[in-house]
Amino acid sequence: MAQSTTPLLDTIDSPDDLKKLRRDQLPALAQELRGEIVQLAAPGGLHLASSLGATDLIVALHYVLNSPRDRILFDVGHQAYAHKLLTGRRKQMPTIKKEGGLSGFTKVSESPHDAITVGHASTSLANALGMATARDALGQDYKVAAVIGDGALTGGMALAALNTIGDTQRRMLIVLNHNEMSISENVGAMSKFMRTLQVQKWFQEGEGASKKALGAVSRPLMDFMSRAKSSTRHFFDPASVNPFAAMGVRYVGPVDGHNIQEMVYLMERLTELDGPTILHVVTRKGKGLTYAEEDPIKWHGPSRFDPATGQSLPVQGLGSSVALVAGEPVRQSWSAAFGDAMTELSRLDPRAYVITPAMREGSGLVGYSKAHPNRYLDVGIAEDVAVTAAAGMALQGLKPVVAIYSTFLQRAYDQVLHDVAIENLDVIFAVDRGGVVGADGATHNGVFDLSFMRSIPNVRIGLPRTASELRGMLKEAMRVGGPVAIRYPRGDTLQAVPNSWPDLKWGEWERLQAGQDVVVLAGGKALEYAEAALEGLPGVGLVNARFVKPLDLEMLREVATHARAIVTVEDNTVLGGFGSAVLEQLSAWGLSTPVRVLGIPDEFQEHASVERVHARSGIDAQAIRTVLAELGVDVPLGV
């Protein structure tokens with residue numbers, strides 16, 4: 001029998017087993033964990049670099065704390081694979097992000113060791129504040145530790161929570177995981193300052209003081225903290241003000257986030273102190289995997305690769321949709337299509353300006369940021385800031401475009417309403433990942449934006465079916481002005497001809513297939529299913545309902561007047577979306593044409609492939625054919 005490559009990990013089914021190891025065995029365990037994570041990530045689709053970077057500090061936390069009694073919170077949660085492996089889920093890890101399997105993030109209903117359900121950044125500190133407050137109010141005695149990255153710390157919610165934590169003085173440990181990365185490189189004044197810490201003379205002295213203190217374990221911790229304080233007094237040099245101390249939060253560090261014994265020593269003592277303490281650890285994203293350390297952006301969430309070499313491998317099951325075959329149309333991601341369009345549009349219109357909340361790579365803006373560096377703003381993980389900054393730009397004559405995922409636009413709802421829509425400002429929202437996104441699950445599915453954006457006065461909403469139509473909508477949005485949301489799905493589309501700008505009239509639908517008896521109205525991703533469903537059914541009408549707000553009232557009245565029934569299909573919740581808009585309008589006209597609304601059910605959709613979620617939600621081609629048959633359409637077997 002071959003010797004196990006994970007002899008230490010093989011002995012661990014819970015944090016209690018971890019505590020049976022000697023301290024000098026912990027680095028070897030961390031290395032085994034990293035190897036396991038690399039093998040799990042090799043088929044593609046998992047968060048790799050972030051989990052590798054956080055492995056050592058997770059080992060230290062679980063060695064010191066007693067989970068699940070003590071509460072360990074992970075901001076975002078995509079770095080917590082080692083946490084899952086150490087808390088009894090090793091055998092289930094191959095199912096991660098697959099239907100019926102483990103979540104890619106921490107999830108309360110999945111394990112008692114997962115303190116919070118999370119997928120968005122900057123929430124851990126407010127959660128920790130709440131847990132520490134509940135502990136004290138109920139007279140209990142558990143420890144609270146929150147792990148937050150320097151990228152997530154740029155979020156207003158994290159900073160606001162820190163302000164209250166310093167004021168209330170609840171006992172907790174905040175592990176500031178400083179790796180200079182979120183997905184892209186971190187931006188902002190705080191990030192720039194933290195980057196300077198490691199090259200300052202006083203920081204080097206602080207590291208020396210830390211090691212000296214560790215060498216004399218019997219020396220009181222406060223002696224070490226005095227030395228650390230002396231080193232960090234220049235935190236905001238030359239003002240000599242530590243911003244955390246100024247907020248009432250004890251600060252220790254920076255320390256090596258890959259020195260497990262050093263972190264264990266500090267955590268054992270810091271968790272016993274009254275009040276809140278920040279332990280600032282410096283880590284390297286992709287730690288232990290050379291190619292991931294060298295390019296942590298690429299290896300944040302890689303597709304299929306050879307773990308030995310880092311060489312990318314063909315993605316199984318995608319077929320020709322992503323292959324570049326001579327003579328066939330070229331396909332590209334929707335994000336890349338948007339990035340290409342904005343790069344070209346900004347050459348034509350000097351008023352165009354793109355804003356992103358820390359999603360340069362995800363939103364297809366790498367090329368744009370290089371082509372137009374003076375008309376590009378990354379505000380960090382602060383979606384509310386992105387939207388309100390866009391409002392300020394619009395008030396002064398620019399035409400800002402906020403490139404944002406649908407799931408993250410939820411976090412800026414009030415800013416869209418209050419700062420942009422009330423004054424009808426010229427802000428374009430490029431809403432990426434609209435609809436079901438699949439493996440990232442309930443926290444990331446963008447199935448609510450049609451409903452909450454449609455409810456805001458002055459907002460216009462478009463759903464392009466192709467990259468070419470996306471270009472036409474961007475050009476038209478620049479012309480019509482006001483708040484405009486252009487929403488497109490995750491996945492790929494036919495690449496548009498460069499520098500082509502189709503003429504579209506905002507609010508005008510497109511009839512794709514004639515038919516008066518039953519008519520299907522669909523836009524965006526849902527239109528693909530509708531087109532597939534209607535193959536071989538020439539008598540059923542099909543409309544590209546590419547504008548949700550305003551509706552094409554002329555075409556809708558014509559359809560509703562002549563059709564026996566209408567079917568609406570959308571990749572959005574059935575509550576308040578496109579189908580609701582159609583029903584509301586027919587009611588206003590006093591028309592009683594039957595309408596079947598197909599969309600995402602009123603429940604959170606757990607992770608699975610996009611196709612599987614759409615099938616079980618009843619909006620794929622087969623579901624549409626089933627509804628047509630129920631409405632009396634002759635649907636041949638096998639169609």
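- Nearest heavy atoms, Ile37 versus Ala82: CD1-N, 4.0 Å.
- Checked for salt-bridge contact, Lys143 and Glu272 meet the test: a charged N lies under 4.0 Å from a carboxylate O.
- No side-chain donor-acceptor contact under 3.5 Å links Tyr142 and Arg135.
- A donor and an acceptor atom, one from each side chain of Thr271 and Arg171, are nowhere located under 3.5 Å apart.
- Atom CZ of Arg433 sits about 9.5 Å away from atom NE2 of His444, to the nearest 0.5 Å.
- Listed for the Tyr405 side chain is no donor-acceptor partner under 3.5 Å among the backbone atoms of Gly446.
- Every side chain to side chain contact (heavy atoms under 4.5 Å, CB included) that Gln39 has, sequence neighbours left out, goes to Pro307.
- Checking Ser363 against Asp432 by side-chain atom types alone, no donor-acceptor pair falls below 3.5 Å.
- Proximity of Leu52 to Lys285: side-chain heavy atoms (C-beta onward) are nowhere separated by under 4.5 Å.
- Salt bridge Asp10/Arg90: present, at least one basic N to carboxylate O contact under 4.0 Å.
- Leu61 and Ala145 make their closest contact through CD2-CB, 4.1 Å (heavy atoms, listed as atom of the first residue, atom of the second, distance).
- A salt bridge links Asp114 with Arg89: the closest approach of a Lys/Arg side-chain nitrogen to an acidic carboxylate oxygen falls below 4.0 angstrom.
- With hydrogens and angles ignored, the 3.5 Å screen pairs no side-chain donor or acceptor of Arg360 with any backbone N or O of Thr356.
- A donor-acceptor pair under 3.5 Å is formed between the side chain of Thr407 and the backbone N or O of Thr443.
- Proximity of Ile404 to Glu383: side-chain heavy atoms (C-beta onward) are separated by under 4.5 Å at one or more points.
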Next item on the list: Given side chain to side chain contact (heavy atoms under 4.5 Å, CB included), test Val281 with Asp256 step by step and report yes or no.
Entry: CA-CA 6 Å; Val281 302; Asp256 183 356; over 6 Å; no

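- Contacts of Asp440 classified as side-chain hydrogen bond (donor to acceptor under 3.5 Å, both in side chains), with partners at least two apart in sequence or in another chain: Lys97.
- Nearest approach of Ser50 to His78, heavy atoms of both residues: OG-CD2, 3.2 Å.
- Qualifying side-chain hydrogen bond (donor to acceptor under 3.5 Å, both in side chains) partners for Thr123, counting only residues two or more places apart in sequence or in other chains: none.
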Next item on the list: Verify side chain to side chain contact (heavy atoms under 4.5 Å, CB included) between Leu377 and Val354, making sure each step is shown before the conclusion.
Entry: CA-CA 6 Å; Leu377 176 63; Val354 174; over 6 Å; no

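- Between Leu18 atom CG and Gln25 atom CD the span is 10.0 Å, to the nearest 0.5 Å.
- By the side chain to side chain contact (heavy atoms under 4.5 Å, CB included) test, Ala115 is found to be paired with Arg71, Leu73, Met131, residues two or more places apart in sequence or in another chain being considered.
- Side-chain contact between Val249 and Leu162 is present, with heavy atoms from C-beta onward closer than 4.5 Å.
- Shown here are the ring pair (Phe, Tyr, Trp, His ring centres under 6.0 Å) partners of His607, two or more places apart in sequence or in another chain: there are none.
- We find the CG-CZ distance between Leu29 and Arg22 to be 12.5 Å, quoted to the nearest 0.5 Å.
- With hydrogens and angles ignored, the 3.5 Å screen pairs a side-chain donor or acceptor of Ser335 with a backbone N or O of Gly362.
- Between Phe74 and Ile148, the closest side-chain pair of non-hydrogen atoms is not below 4.5 Å.
- Counting only heavy atoms from C-beta outward, the side chains of His62 and Asp16 never approach each other to under 4.5 Å.
- For Asp274, the CG atom sits in a loose shell: 12 or fewer heavy atoms of surrounding residues, nucleotides or ligands are nearer than 6.0 Å.
- A distance-only check finds a donor-acceptor pair linking the side chain of Asp150 to the backbone of Asn179 [under 3.5 Å].
- The CZ atom of Phe604 lies 5.0 Å from the CZ atom of Phe448; values are rounded to the nearest 0.5 Å.
- Here the side chain of Glu32 pairs a donor or acceptor atom with the backbone of Leu8 at under 3.5 angstrom.
- The six-membered or imidazole ring of Phe244 lies away from that of His280, with a centre-to-centre distance of 6.0 Å or more.
- Checked for salt-bridge contact, Asp17 and Lys20 meet the test: a charged N lies under 4.0 Å from a carboxylate O.
- Atom OH of Tyr81 and atom CG of Leu102 lie 10.0 Å apart (nearest 0.5 Å).
- Between Tyr376 and His372, a ring centre-to-centre spacing not shorter than 6.0 Å is recorded.
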Check: What's the verdict on side chain to side chain contact (heavy atoms under 4.5 Å, CB included) for Asp56 and Thr283, showing C-alpha distance, side-chain angles and the deciding distance?
Finding: CA-CA 9 Å; Asp56 294 307; Thr283 62; over 6 Å; no

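- Across Ile165 and Met172, no two heavy atoms sit closer than the pair CD1-SD, 3.8 Å.
- Proximity of Pro94 to Leu40: side-chain heavy atoms (C-beta onward) are separated by under 4.5 Å at one or more points.
- The shortest non-hydrogen separation linking Ala41 to Leu48 is CB-CD1, 3.8 Å.
- Taking the charged nitrogens against the carboxylate oxygens, Arg23 and Glu262 have no contact shorter than 4.0 Å, which rules out a salt bridge.
- One finds the CD atom of Glu36 at 11.0 Å from the OG1 atom of Thr55 (value rounded to the nearest 0.5 Å).
- The side-chain hydrogen bond (donor to acceptor under 3.5 Å, both in side chains) check on His113 picks up Ser67, with sequence neighbours excluded.
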Next item on the list: Check the pair Thr133, Thr168 against side chain to side chain contact (heavy atoms under 4.5 Å, CB included), reporting the backbone distance first and the verdict last.
Entry: CA-CA 9 Å; Thr133 301; Thr168 58; 5.6 Å; no

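- Side-chain contact between Lys107 and Lys84 is absent, with no heavy atoms from C-beta onward closer than 4.5 Å.
- Under the 3.5 Å distance criterion, the side-chain polar atoms of Ser122 are matched with a main-chain donor or acceptor of Ala152.
- Proximity of Thr106 to Thr117: side-chain heavy atoms (C-beta onward) are nowhere separated by under 4.5 Å.
- Each of Ile58, Leu266, Val147 was compared with Val175 under the side-chain contact (heavy atoms from CB on, under 4.5 Å) criterion, and only Val147 meets it.
- Annotation for Gln410 and Asn445: closest pair OE1-O, 4.1 Å, computed over non-hydrogen atoms.
- Using a 4.0 Å cut-off between charged nitrogen and carboxylate oxygen, Asp136 and Arg170 count as a salt-bridge pair.
- In this structure, Gln169 contributes its side chain and Asp167 its backbone to no donor-acceptor pair below 3.5 Å.
- Between the side chain of Ser369 and the main chain of Val366, a donor-acceptor pair closer than 3.5 Å is present.
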